[in-house]
Amino acid sequence: QVHLVESGGGLVQAGGSLRLSCAASGRTFSGYAMGWFRQAPGKEREFVAAIRWSTDYAYYAESVKGRFTCSRDSAKNTVYLQMNSLKPEDTAVYYCNVGLAVVAGAPGNYWGQGTQVTVSS
């Protein structure tokens, strides 16, 4: 059973930065990808970023390219999302996810509990 625990959300002013963390346990992740999705009030959950565990190559939604960086620490089984130049439209609950096709925007079966990110204007 995969267990994902997120941390690092909060309230920040527009233009500010936050770093989210997702600690994973329960299996080895070679061959998988881990990433982030977000859901704003009244909107569908959307892909944000993901990283292939084996290659360390990251993928991003167009809306966050150049502002967000997804990285991982394999020794800690942890994936990070560094969010810079935050905008009010980035406000959402951010969820960690692991699966085979996360880099293509298709979530796997395992989700974290979510962490709230609120960006004030």
Side-chain angles (χ1 to χ4, degrees):
Q1 183 69 20
V2 174
H3 190 49
L4 304 174
V5 179
E6 299 130 342
S7 60
L11 172 64
V12 65
Q13 288 189 331
S17 298
L18 283 174
R19 189 175 82 153
L20 306 183
S21 300
C22 174
S25 60
R27 65 162 299 140
T28 58
F29 297 99
S30 177
Y32 283 74
M34 288 183 67
W36 299 89
F37 292 75
R38 67 186 181 187
Q39 188 166 21
K43 295 188 177 181
E44 293 187 354
R45 196 171 295 189
E46 64 176 2
F47 171 78
V48 177
I51 189 164
R52 289 194 186 278
W53 208 254
S54 57
T55 65
D56 204 23
Y57 193 84
Y59 301 77
Y60 300 93
E62 286 296 326
S63 59
V64 306
K65 275 183 181 178
R67 300 189 298 122
F68 291 10
T69 302
C70 187
S71 62
R72 62 147 176 83
D73 184 333
S74 57
K76 296 181 179 179
N77 264 6
T78 298
V79 64
Y80 304 97
L81 186 67
Q82 177 67 43
M83 305 184 293
N84 298 329
S85 302
L86 281 161
K87 304 175 181 180
E89 51 263 44
D90 294 317
T91 295
V93 178
Y94 284 70
Y95 296 91
C96 181
N97 182 268
V98 62
L100 294 173
V102 178
V103 296
N109 292 328
Y110 302 103
W111 294 94
Q113 80 282 6
T115 186
Q116 177 70 47
V117 171
T118 302
V119 184
S120 63
S121 57

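We use all heavy atoms of the structure for the numbers below, so side chains are in, but hydrogens, waters and symmetry mates are not. Everything numeric in this text was worked out from a predicted model, so none of it was measured.
Closest heavy-atom contact between Arg52 and Arg72: O-NE, 4.0 Å. For Trp53 against Asn77, the heavy-atom pair with the smallest separation is CZ2-OD1, 3.7 Å. Between Val102 and Ala50, the shortest heavy-atom distance links the atoms CG1-CB, 3.6 Å.
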Report all side-chain donor-acceptor pairs from residues 7-15 shorter than 3.5 Å, counting only partners two or more places apart or in another chain.
none

Pair Asp73-Thr78, side chain to side chain donor-acceptor pair (under 3.5 Å): steps then yes or no: CA-CA 5 Å; Asp73 184 333; Thr78 298; over 6 Å; no
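Counting only heavy atoms from C-beta outward, the side chains of Trp36 and Phe68 never approach each other to under 4.5 Å. In this structure, the side chains of Val79 and Cys96 come closer than 4.5 Å at one or more pairs of heavy atoms. Considering only heavy atoms from C-beta on, Val103 stays 4.5 Å or farther from Phe47 through its side chain. Met34 has its side chain out of reach of Tyr110: every pair of non-hydrogen atoms, C-beta onward, lies at least 4.5 Å apart.
We find the NZ-CD distance between Lys43 and Glu89 to be 8.0 Å, quoted to the nearest 0.5 Å.
Under the ring-ring contact (aromatic ring centres under 6.0 Å, His included) criterion, Tyr95 pairs with no residue, sequence neighbours left out.
Both Val48 and Met83 belong to a single network of hydrophobic side chains, linked directly or stepwise wherever heavy atoms of I, L, V, M, F, W or Y lie under 4.5 Å apart. Taking hydrophobic clusters as Ile, Leu, Val, Met, Phe, Trp and Tyr residues chained together by side-chain heavy-atom distances below 4.5 Å, Leu18 shares a cluster with Val64. The hydrophobic cluster containing Leu100 also contains Val98, counting ILVMFWY residues as joined when their side-chain heavy atoms lie under 4.5 angstrom apart, directly or transitively. Both Ile51 and Tyr94 are assigned to one and the same hydrophobic cluster, defined by single-linkage of ILVMFWY side chains at heavy-atom distances under 4.5 Å.
For the pair Arg19 and Tyr80, the cation-pi criterion (under 6.0 Å, within 45° of the ring axis) is fulfilled.
Counting non-hydrogen atoms of other residues, nucleotides and ligands closer than 6.0 Å to OH of Tyr32 gives a total of 12 or fewer.
With Val117 as the partner, the side chain to side chain contact (heavy atoms under 4.5 Å, CB included) test is satisfied by one option alone out of Val93, Leu81, Leu20: Leu20.
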